[in-house]
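Hydrogens, waters and symmetry mates play no part in the numbers below; they use all other heavy atoms, side chains included. In what follows, every chain begins at residue 1, and chains take the letters A, B, ... in the order their sequences are listed.
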Amino acid sequence: MSSPATGGDSVAARYASAAQVAAVVILLICHVCYDVIIIARSWSQYESRLGTVTAWVIVAGVQVAGSVLLLRRGAGASVLACRLLAALAVGASLVAILSYPPGQVLGDASWAWNTVGWCGVLLLMHRPLWELIVMQGANTAISVVAMAADGSMDRVTAGRVVLVTFATAGAQLLFVVVAHHLTRVARRAAELTLARAENESRAAAEEAVHSERQRRYREIGERVAPLLRGLGDSTLDPADPQVWRLAGVEAARLRRLFAETDDSSDPMLHELRACTDLAERRGVDVTFFHYGALPQVPAAARRSLTEVVLLVLASAASRARITVVGDAAEVVVSVTADAPAEVLDDLRSSLPVSVVDDQEAKQLWVEVRWRVPQPLSG
Amino acid sequence: MASAAAPVRVSIIDDHPVVIEGIRAWLNVEPRIKVSHVGTNVPASMSNVDVIILDLHLDRRLAIDDIATLAGAGQRVIVFSQFTEEEIVLAALDAGAYAFLAKSEGPDHLLTTVFAVAEGRPYVTPMAAGILVSDQRPEAPVLSERERTALLWWFQSMSKASVASRMGISPHTVDMYIRRARLKYAQVGRAAPTKTDMLMRAIEDGLLTRDEVAEGFPLPAPATTASRAIRPAVAGSVEVKPAGA
């Protein structure tokens, strides 16, 4: 069977994990390299250096917490924690803006807008898109309001705001949209692969069932048809005990064949009971004891084990005792009956299990064993 | 052996009169057995019987506790039941019953069981042998290979003589293996005076030594490794190998 062990979800999870790592790395570069360079370059110009440092540290804290949450929990991270951290990042953005030199909300000394936006990507990546839009909106609104408040919002600045918004928030939203899309496509692809593998294995199973049916049909044709033909054209005499026995054996085999297709919790015992049915109807007193938990016995081995019982029962004159004992490693089936030993003559050369028989006081005692195959070592 | 002068006194307890009559009919063919009490319920006390044949299903309940009570008073109980499930049979033996007889085994084994139990010897019917040999519980006693073989083939076969000829030993030795396996069960589980009686009787019979009983049951001398497997291949059996397999 070619069923891939990994489902669609795990393929999707691999894609999602790549996007997560990308977001963590981008934010790391933005905040630790780019922001530090800007702050160092403009260090002397900040209105409040303490405010700048505080904002940087808060964003760094949010970044660390958000990265850990995302890489450890992925989509399973606490919604409340993500939202609170996002709000904290927006708060840090406000602190940073207040510490910029006057009129520099969008100037050379400003650093927070883009970085806080990436914080939003990191924290809200697995949340519905609107949450990130709200967060980005708040982040943008703070800058716009600050510009309006310090009077630096003129037409040129407004144009820059639009450009910067596209370049930062736009890119960040696009990143999340693409990541979502990739994950979805990956899941779908994996699901399709899985479905195809399932179809193939179902087809294989159906093929196996079909060939098993054909085998049964062939078997019936080879065994039952000559008997019926013989009875029909009088080459076989219905009064001949040998013919009775043959007919009895074939009837029992048919019965077992039907039992093989039944849904039973223990097919081995079920098929054995099917074999006893006809003998009981003939008036044979059949007792059937089984003890111990039987292992799974493959159909071919079951057929061999039940065949012994079936042949002896078909020839039993008045009584038969069937016992089955099993443990995890072995099944031992036995039948004792007032039957002639010759019934097993055909079997001795063909049965792939050991037969022990003991003829005593016109009683036949047959034991058949089947061992669970040991896995080959080395 | 019970003498003709002192027949084995038997009590039959079953809530179906027809079953009581059936058992009585089986026992009546034997003059050395006298049915001295019948009842539909376990009486509070009973002293003048040697063996009690008890139906396990009394008043729509399983009479396991009654077995324990009777065994506690030293009474020898043969359980006679249509139930043949492993847990039920093992529970009855654990409660101190001497023997468990399936109803289908009645005609063939009832008289032998009654005589054995009257003499203080537990009796293992073929059905009970099947249960003992397939007992996979962790608390099950460890049986030797020969004990397992004897139990398994006794479960399958028609007679101890046929088991004996297949094992290449005497019927008496087959019986010894089966009894030793059964006595191991008298040494596990809950304590009961009847279990002690069985073991004492086994010492008298020379089946066990006092030391063996005192220190638990050691493995028989030839088998140094005891096996949980159903049975290893036994020399002397006729094995027909598949041709060209």
Ion pair check, A/R202 and A/E206, cut-off under 4.0 Å:
no

Take atom CZ of A/R196 as the centre, draw a 6.0 Å sphere, and report whether it contains more than 12 heavy atoms from other residues, nucleotides or ligands.
no

Check the angle between the aromatic planes of B/F155 and A/F289 and answer parallel, tilted or perpendicular using the 30° and 60° thresholds.
tilted

Applying salt bridge (charged side-chain N to carboxylate O under 4.0 Å, His left out) to A/R369 and A/E330, what does each step give before you reach the verdict?
CA-CA 7 Å; A/R369 288 167 182 256; A/E330 193 180 25; 3.2 Å; yes

At under 4.5 Å between heavy atoms, what parts of residues 121-130 of chain B are in contact with chain A? List them by residue number.
B/P126, B/M127, B/G130

Using a 6.0 Å distance limit plus a 45 degree cone around the ring axis, check whether B/R166 lies over the aromatic ring of A/W365.
yes

Does any donor atom in the side chain of A/R321 or A/T336 lie under 3.5 Å from an acceptor atom in the other side chain?
no

Considering only heavy atoms, which portion of B/S157 lies under 4.5 Å from any heavy atom of chain A: side chain, backbone, both, or neither?
both

Are any of the side-chain heavy atoms of A/H290 and A/D266 separated by less than 4.5 Å?
no

Cut-off 4.5 Å, heavy atoms of chain B, and the answer for A/V324 is backbone

